[in-house]
Amino acid sequence: MSVIYVARSKALSDWGASVGISKSLFKVGVADGTGKSAVTALNNNECAGLYAWRLVGSEDVADL
């Protein structure tokens with residue numbers, strides 16, 4: 001089953017605030033499994049050069 005998830009990184013939020021973009025920066029994605037396992041994969045792969053992603057929310061979806 002697929003899951004839609006939202007993750008956030010404090011380092012990315014801090015960077016966005018310091019360069020004037022916004023501190024409200026999120027990663028939205030679709031993955032197989034759970035939201036927690038998707039965020040673990042983000043951290044293991046250092047998505048966007050960061051390794052401290054936290055799950056904000058997730059929702060299981062039947063068909064995509």
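We're numbering straight along the sequence, starting at 1.
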Shared hydrophobic cluster for L50 and L42 (ILVMFWY, side-chain gaps under 4.5 Å)
yes
Common cluster, L25/L55, ILVMFWY with side-chain heavy-atom separation under 4.5 Å
yes
So, for [X] and [Y], which heavy atoms are closest and what is the spacing to 0.1 Å?
{"X": "S2", "Y": "V30", "result": "CB-CG1, 4.4 Å"}
{"X": "M1", "Y": "D60", "result": "SD-CB, 3.7 Å"}
{"X": "S58", "Y": "G35", "result": "CB-CA, 4.0 Å"}

Test side chain to side chain contact (heavy atoms under 4.5 Å, CB included), reference W53, set L12, T40, N45, output is L12
Taking everything shown except Y51 itself, do over 12 heavy atoms lie less than 6.0 Å from its OH?
no
Residues pairing under side-chain hydrogen bond (donor to acceptor under 3.5 Å, both in side chains) where one sits in residues 3-29, two or more places apart or in two chains, turn out to be R8-S13, K10-D14
